[in-house]
Amino acid sequence: MSHHAALQDLLHKRHSCRAFKSAAVPKAVISQILLDAGRAPSWCNAQPWKVILTSGAETDAFRATMARAFDTGAPAPDYPFPTTYTGAHLKRRRTCGFQLYESVGIGRGDREGRARQMKENYTLFGAPHVALITCPVELGPYGVLDCGGFITAFCLSAQAQGIGTVPQAALSLYSNVVRDHFRISEDRKVLAAISFGYPDEDAAINQFRTDRAELDAFVEWRD
């Protein structure tokens, strides 16, 4: 397989995993994923990402903290969440949501079922590990852009090694809780997390796949 074909294979097979096996990923594999992700490009090679990586009891403690935040806390994100979705963005968002809920038998009018499924974000979908990513305040949106590249590279490296991932902005909705839990300094903002581990391939929620737009939907050709 050519390098390009291998990359295409990873890109097409990668998906957001929402059910994991309990087995821990060996530290050597995690280290390699992190080293691979660190090859992501960044402005002036600043490499602004910092990662808090949890395993075992530390993951479980964070899981419990975030579940409590979802049940009782008030949202306080470090970065503003989208104010609205319109047009194609709204259509894609709805389609993804419908696919997710239908995969686990939650009807469109089942608000309680949707709330239970939403809470799965905060119990980390049962993942044995979390990579919590912070970004320097001083670098603004371009630091965030660089960290996005790190997240993508992390997910692709994990996919190449049989590890499932789900990038989660949802956890940053309670950035104040995350900050207190990990004692994160004020010069860094809580951006996102990646829950990861060996995927439960038989879980119904891991069976659906989102589609992608055709070129003409997002490219304006200037020949």
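The pair K13-D9 meets the salt-bridge criterion, with a side-chain N (NZ, NE, NH1 or NH2) lying under 4.0 Å from an Asp/Glu carboxylate O. Between D78 and R179, at least one side-chain N (NZ, or NE/NH1/NH2) sits under 4.0 Å from a carboxylate O, which counts as a salt bridge. E220 has a carboxylate O that lies under 4.0 Å from a charged side-chain N of R222, or vice versa, which qualifies the two as a salt bridge.
Residues L215 and W221 meet the side-chain proximity criterion, which asks for heavy atoms closer than 4.5 Å. Within the 4.5 Å cutoff, the side chain of F20 has heavy atoms near those of the F125 side chain. By the 4.5 Å heavy-atom criterion applied to side chains, K119 and D71 are counted as neighbours. Residues P48 and C147 are in side-chain contact: their nearest non-hydrogen atoms beyond the backbone lie under 4.5 Å apart. No side-chain heavy atom of L139 sits under 4.5 Å from any side-chain heavy atom of K189. Counting heavy atoms from C-beta on, the side chains of V104 and R18 never come closer than 4.5 Å. Using a 4.5 Å heavy-atom cutoff, the side chains of R114 and Y101 are in contact. Proximity of F218 to R212: side-chain heavy atoms (C-beta onward) are nowhere separated by under 4.5 Å.
Of all non-hydrogen atoms in A192 and L132, the two that sit nearest each other are O-CD2, 3.6 Å. Across all their heavy atoms, P199 and K21 have their closest contact at O-CE, 3.6 Å. Scanning all heavy atoms of the two residues, the minimum distance from V166 to S16 falls at CG2-CB, 3.9 Å.
From H12, atom NE2 reaches atom CD of Q159 across 12.0 Å, with rounding to the nearest 0.5 Å. Rounding to the nearest 0.5 Å places CG of L173 at 9.0 Å from CG of N176. Within the model, atoms CD1 of I52 and OG1 of T134 stand 6.0 Å from one another, a figure rounded to the nearest 0.5 Å. Here the straight-line distance linking atom CG of L124 with atom CZ of F62 works out to 6.5 Å at 0.5 Å rounding. In this structure, I151 CD1 and L156 CG are separated by 12.0 Å, a value rounded to the nearest 0.5 Å. Here Q207 contributes atom CD and E201 contributes atom CD; the two are 7.5 Å apart, rounded to the nearest 0.5 Å.
No hydrogens or angles considered: a donor-acceptor pair under 3.5 Å links the side chains of Q168 and S195. Between the side chains of S103 and Q99, no donor-acceptor pair is found at a separation under 3.5 Å. Between the side chains of T59 and H129, not a single donor N or O lies within less than 3.5 Å of an accepting N or O. Under 3.5 Å, the side chains of T95 and R93 contain no donor-acceptor pair of N or O atoms. A donor and an acceptor atom, one from each side chain of S42 and D146, are nowhere located under 3.5 Å apart.
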>> Would V25 and Q161 count as a side-chain contact (heavy atoms from CB on, under 4.5 Å) here? Give the steps.
In response: CA-CA 10 Å; V25 178; Q161 299 179 76; over 6 Å; no

>> Test side-chain contact (heavy atoms from CB on, under 4.5 Å) on I194 and V130; report intermediate values, then the result.
In response: CA-CA 6 Å; I194 308 170; V130 172; over 6 Å; no

>> Show, in sequence, the C-alpha distance, side-chain angles and deciding distance for N45 and Q47, and conclude whether the side-chain contact (heavy atoms from CB on, under 4.5 Å) test is met.
In response: CA-CA 5 Å; N45 197 36; Q47 304 173 59; 3.1 Å; yes

>> Let's go through V137 and R188 carefully: what are the C-alpha distance in whole Å and the side-chain angles of both, what is the deciding distance for side-chain contact (heavy atoms from CB on, under 4.5 Å) to 0.1 Å, and is it a yes or a no?
In response: CA-CA 5 Å; V137 173; R188 302 193 68 84; 5.7 Å; no

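No side-chain donor-acceptor contact under 3.5 Å links S157 to the backbone of A153. T72 places no side-chain N or O within donor-acceptor distance of the main-chain N or O of A69, the cut-off being under 3.5 Å. In this structure a side-chain-to-backbone donor-acceptor pair under 3.5 Å is present from S2 to A5. Panel note: side chain N206, backbone A19; a donor-acceptor pair is recorded below 3.5 Å. With hydrogens and angles disregarded, a donor-acceptor distance shorter than 3.5 Å links the side chain of N121 to the backbone of M118. Under a 3.5 Å cut-off, the side chain of E102 and the backbone N or O of G107 do not form any donor-acceptor pair.
For F98, the CZ atom counts as densely surrounded, since its 6.0 Å shell holds more than 12 non-hydrogen atoms of other residues, nucleotides or ligands. At most 12 heavy atoms of other shown residues, nucleotides or ligands fall within 6.0 angstrom of atom CD in E58.
Stacking of R63 on the aromatic ring of Y122 is not recorded, the 6.0 Å distance cut-off and the 45° axial limit not both being met.
Hydrophobic clustering, with ILVMFWY side chains joined whenever heavy atoms are under 4.5 angstrom apart, groups F81 together with M66. There is a path of hydrophobic side-chain contacts, each under 4.5 Å, that joins I184 to Y174. Note on F70 and F182: same hydrophobic cluster, where clusters join Ile, Leu, Val, Met, Phe, Trp and Tyr whose side-chain heavy atoms are under 4.5 Å apart, directly or indirectly. Hydrophobic cluster membership is shared by Y198 and I30, with clusters built from Ile, Leu, Val, Met, Phe, Trp and Tyr side chains linked at under 4.5 angstrom. If you chain together hydrophobic residues whose side chains sit under 4.5 Å apart, I133 and L34 fall into the same group.
Proximity of the aromatic rings of F154 and F196 is defined here by a centroid distance below 6.0 angstrom, and this criterion is met.
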